[in-house]
2 protein chains.
Amino acid sequence: MDKSPLVLLDLVSRLGNLMRTEGRRVGQDEQLQSVHVEALVYLSKANRYSNTPQALAEYLGVTKGTASQSLLLLDRRGLIERYQDDLDRRVVRLRLAATGEQFLYDAQPQLAWQHATRNISPNRIRNAVSALRETLTTFQLDNEGTAFGECAGCQHFERLSARAYRCGLMGDRLSGPDTRKICWLYEEKGSGVGEGE
Amino acid sequence: MDKSPLVLLDLVSRLGNLMRTEGRRVGQDEQLQSVHVEALVYLSKANRYSNTPQALAEYLGVTKGTASQSLLLLDRRGLIERYQDDLDRRVVRLRLAATGEQFLYDAQPQLAWQHATRNISPNRIRNAVSALRETLTTFQLDNEGTAFGECAGCQHFERLSARAYRCGLMGDRLSGPDTRKICWLYEEKGSGVGEGE
DNA sequence: AATATTGATTTCGACTCGATACTACATTAA
DNA sequence: TTAATGTAGTATCGAGTCGAAATCAATATT
């Protein structure tokens with residue numbers, strides 16, 4: 001019986017905890033908790049379908065009530081802006097305010113991690129990424145969660161021409177940069193996940 | 001410029017968050033938060049030098065005050081036992097109570113993760129482990145943290161004979177099972193960490 | 001038009017967490 | 001021996017997290 005999956009779990013949990021601590025450290029000048037920093041980072045990466053409290057809650061793995069609290073705080077501090085969606089007036093859209101952009105630029109929340117991985121070859125990192133990504137996808141499938149991902153690799157992604165793309169699910173055209181943001185409607189191409197042992 | 005370290009960070013954070021949620025889920029029958037579950041798991045793996053509030057706090061990445069609170073709760077619930085050290089009466093030693101052992105056995109906090117990793121080959125997992133372990137060690141060195149680890153791979157580990165071992169730092173003899181628990185005095189063999197790019 | 005569903009917010013209570021202060025014991029220096 | 005310093009752990013406080021449940025408003029379904 002192989003114990004290495006448990007060792008991996010241990011490492012992921014510990015690194016996750018450390019990064020949460022790191023997030024707290026990074027945000028303390030602005031009185032932010034690590035969840036708040038994570039939320040800001042998320043908003044800087046979310047595409048136009050995914051900048052809502054709902055998607056954020058799924059991403060962070062908290063309930064929507066909790067997410068609402070955090071967003072309230074970020075709004076009070078002027079780090080984000082909230083505005084209503086035109087088509088569906090229940091939906092609240094979120095956007096980093098200039099202050100929020102500046103904060104991310106100044107605080108560099110990922111710096112410590114980049115340092116910690118500096119001696120690991122790109123290749124080993126990509127291998128680790130692939131293993132963890134598969135773990136995440138499988139876990140999400142097991143638990144009816146949302147996977148999140150970029151257009152490349154998504155079932156609904158269509159290429160219209162050399163530089164024109166389209167989301168088959170939403171029916172919108174997408175720009176190049178659009179396709180590199182993360183989306184909570186993401187669905188893995190080739191629905192089957194496990195190809196067996 | 002390679003973005004994959006940041007992708008890895010993202011995956012580790014998200015999986016960390018998910019496992020925290022999972023820990024909460026697992027503990028809800030017993031009214032435990034994920035930190036409590038993590039503490040119990042830690043105590044089930046900690047060796048004789050590492051079963052103290054101090055070591056636990058370092059491991060979980062919280063302050064000793066916070067750790068103290070969590071331990072108080074676990075004690076009230078009868079999941080752990082606390083007793084004084086004979087040599088240094090300031091030191092509190094911790095041990096899983098029978099109820100705590102039973103809880104871990106019943107709740108299987110790692111089950112969801114084991115499922116999520118079921119389709120990943122042992123080899124890929126070991127590669128990911130090695131990359132993350134190096135990340136953790138480097139991070140700890142950067143931040144004067146404690147690395148934790150098993151005797152194999154520790155500077156202070158000495159083999160006396162086929163089945164007799166010794167910790168050079170504490171001067172104690174160790175049994176075989178002892179050497180497979182985790183220790184907060186662990187120091188990586190070959191102190192140099194980064195061999196450059 | 002009535003009902004169900006959905007996105008978001010509010011409220012509540014238990015708990016986390018860092019900061020600070022404090023107690024008890026241990027080690028060192030005088 | 002005593003005094004000063006250091007260390008392990010606990011207590012307390014306040015801001016905030018978090019899930020659960022209730023609520024509200026807008027949209028879908030019937």
Side-chain angles (χ1 to χ4, degrees), chain A residues 16-39 49-77 80 82-94 146 184-185, chain B residues 16-39 49-77 80 82-94 146 184-185:
Chain A
N17 284 340
L18 286 173
M19 293 327 286
R20 218 164 69 256
T21 306
E22 173 69 12
R24 243 179 251 122
R25 194 187 63 71
V26 156
Q28 71 188 359
D29 285 356
E30 296 279 343
Q31 306 256 55
L32 299 177
Q33 303 280 327
S34 77
V35 191
H36 306 144
V37 178
E38 284 182 65
Y49 308 131
S50 314
N51 57 354
T52 70
Q54 178 90 296
L56 177 69
E58 294 245 9
Y59 187 83
L60 296 179
V62 299
T63 59
K64 51 193 181 146
T66 302
S68 197
Q69 290 300 313
S70 301
L71 290 168
L72 193 65
L73 183 147
L74 289 173
D75 197 3
R76 277 202 307 264
R77 298 262 210 293
I80 62 169
R82 296 196 281 183
Y83 56 99
Q84 278 201 332
D85 186 273
D86 292 332
L87 293 172
D88 186 338
R89 299 223 307 281
R90 289 171 303 184
V91 174
V92 170
R93 302 257 159 220
L94 307 165
T146 318
W184 76 318
L185 303 170
Chain B
N17 284 341
L18 286 174
M19 293 328 288
R20 217 163 69 256
T21 305
E22 172 69 13
R24 246 181 248 120
R25 195 187 64 69
V26 156
Q28 71 187 358
D29 285 356
E30 296 279 343
Q31 307 255 54
L32 298 178
Q33 302 281 325
S34 76
V35 190
H36 305 145
V37 178
E38 284 181 64
Y49 309 132
S50 314
N51 56 355
T52 68
Q54 177 90 298
L56 177 69
E58 296 245 9
Y59 186 84
L60 296 179
V62 298
T63 59
K64 51 188 184 155
T66 302
S68 195
Q69 290 302 308
S70 301
L71 290 168
L72 195 63
L73 184 148
L74 290 172
D75 197 3
R76 277 203 306 264
R77 297 264 209 291
I80 62 169
R82 297 195 280 184
Y83 56 100
Q84 278 201 332
D85 186 273
D86 292 333
L87 294 172
D88 186 337
R89 297 224 308 279
R90 288 170 307 180
V91 173
V92 171
R93 302 257 159 218
L94 307 163
T146 317
W184 76 318
L185 303 171

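By convention in this document, chain letters (A, B, ...) are assigned in the order of the sequence lines, proteins followed by strands, and residues within each chain are numbered from 1. If you're wondering where the values come from, they're calculated on a predicted model, not measured in any experiment.
- Distances shown here put every side-chain N or O of B/Arg82 at or beyond 4.0 Å from the OP1 or OP2 atom of D/dG9.
- Residues forming a side chain to side chain donor-acceptor pair (under 3.5 Å) with A/Arg20 (at least two apart in sequence, or on another chain): A/Asn17.
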Q. Along nucleotides 19-28 of chain D, 5' to 3', which nucleotides get a B, which get an S, and which get a -, given that the test is a protein heavy-atom distance under 4.0 Å?
A. B------BS-
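- Between B/Gln33 and C/dT16, a side-chain N or O to OP1/OP2 separation shorter than 4.0 Å is absent.
- Separating the CG atom of A/Leu60 from the P atom of C/dA8 is a distance of 14 Å, rounded to the nearest angstrom.
- Note on B/Arg20: a side-chain N or O is less than 4.0 Å away from OP1 or OP2 of D/dC18.
- B/Arg77 comes within 4.0 angstrom of sugar-phosphate atoms only, judged by non-hydrogen atoms across all strands, and of no base.
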Enumerate, atom names and distances included, each donor-acceptor pair closer than 3.5 Å involving a side-chain atom of residues 50-62 of chain B, sequence neighbours excluded.
{"unit_1": "B/Ser50", "atom_1": "OG", "unit_2": "B/Asn47", "atom_2": "OD1", "d": "2.7"}
{"unit_1": "B/Ser50", "atom_1": "OG", "unit_2": "B/Trp184", "atom_2": "N", "d": "3.0"}
{"unit_1": "B/Asn51", "atom_1": "OD1", "unit_2": "B/Arg93", "atom_2": "NH1", "d": "2.7"}
{"unit_1": "B/Asn51", "atom_1": "ND2", "unit_2": "B/Leu94", "atom_2": "O", "d": "3.4"}
{"unit_1": "B/Thr52", "atom_1": "OG1", "unit_2": "B/Ala55", "atom_2": "N", "d": "3.2"}
{"unit_1": "B/Glu58", "atom_1": "OE1", "unit_2": "B/Thr146", "atom_2": "OG1", "d": "2.6"}
{"unit_1": "B/Tyr59", "atom_1": "OH", "unit_2": "A/Asp10", "atom_2": "OD1", "d": "2.4"}
{"unit_1": "B/Tyr59", "atom_1": "OH", "unit_2": "A/Asp10", "atom_2": "OD2", "d": "3.1"}

I'd like a table of donor-acceptor pairs (distance under 3.5 Å, sequence neighbours excluded) in which one partner is a side-chain atom from residues 65-74 of chain B, with atom names and distances.
{"unit_1": "B/Thr66", "atom_1": "OG1", "unit_2": "B/Thr63", "atom_2": "OG1", "d": "3.1"}
{"unit_1": "B/Ser70", "atom_1": "OG", "unit_2": "B/Thr66", "atom_2": "O", "d": "3.4"}

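- For the pair A/Arg93 CZ and C/dG7 P, the computed distance is 11 Å after rounding to whole Å.
- The 5' end of DNA chain D is approached more closely, in terms of each residue's nearest nucleotide, by B/Val92 than by the other of A/Val35 and B/Val92.
- One can place CG of B/Leu71 at 11 Å from P of C/dT16, the figure rounded to the nearest angstrom.
- Each salt bridge (charged side-chain N to carboxylate O under 4.0 Å, His left out) pair with one or both residues in residues 23-33 of chain A, not counting sequence neighbours, appears once here: A/Glu22-A/Arg25.
- Residues satisfying the salt bridge (Lys or Arg N to Asp or Glu O under 4.0 Å) test with A/Arg90, not counting sequence neighbours, are A/Asp88.
- In this entry the distance linking CD of B/Glu30 with P of C/dC15 reads 13 Å, nearest Å.
- We find that CD of A/Glu22 is positioned 17 Å from C1' of C/dC17, with the value rounded to whole Å.
- Per the geometry, CG belonging to A/Leu73 stands 16 Å off C1' belonging to C/dT10, to the nearest Å.
- Among the atoms of the strands shown, none is found under 4.0 Å from any heavy atom of B/Arg25.
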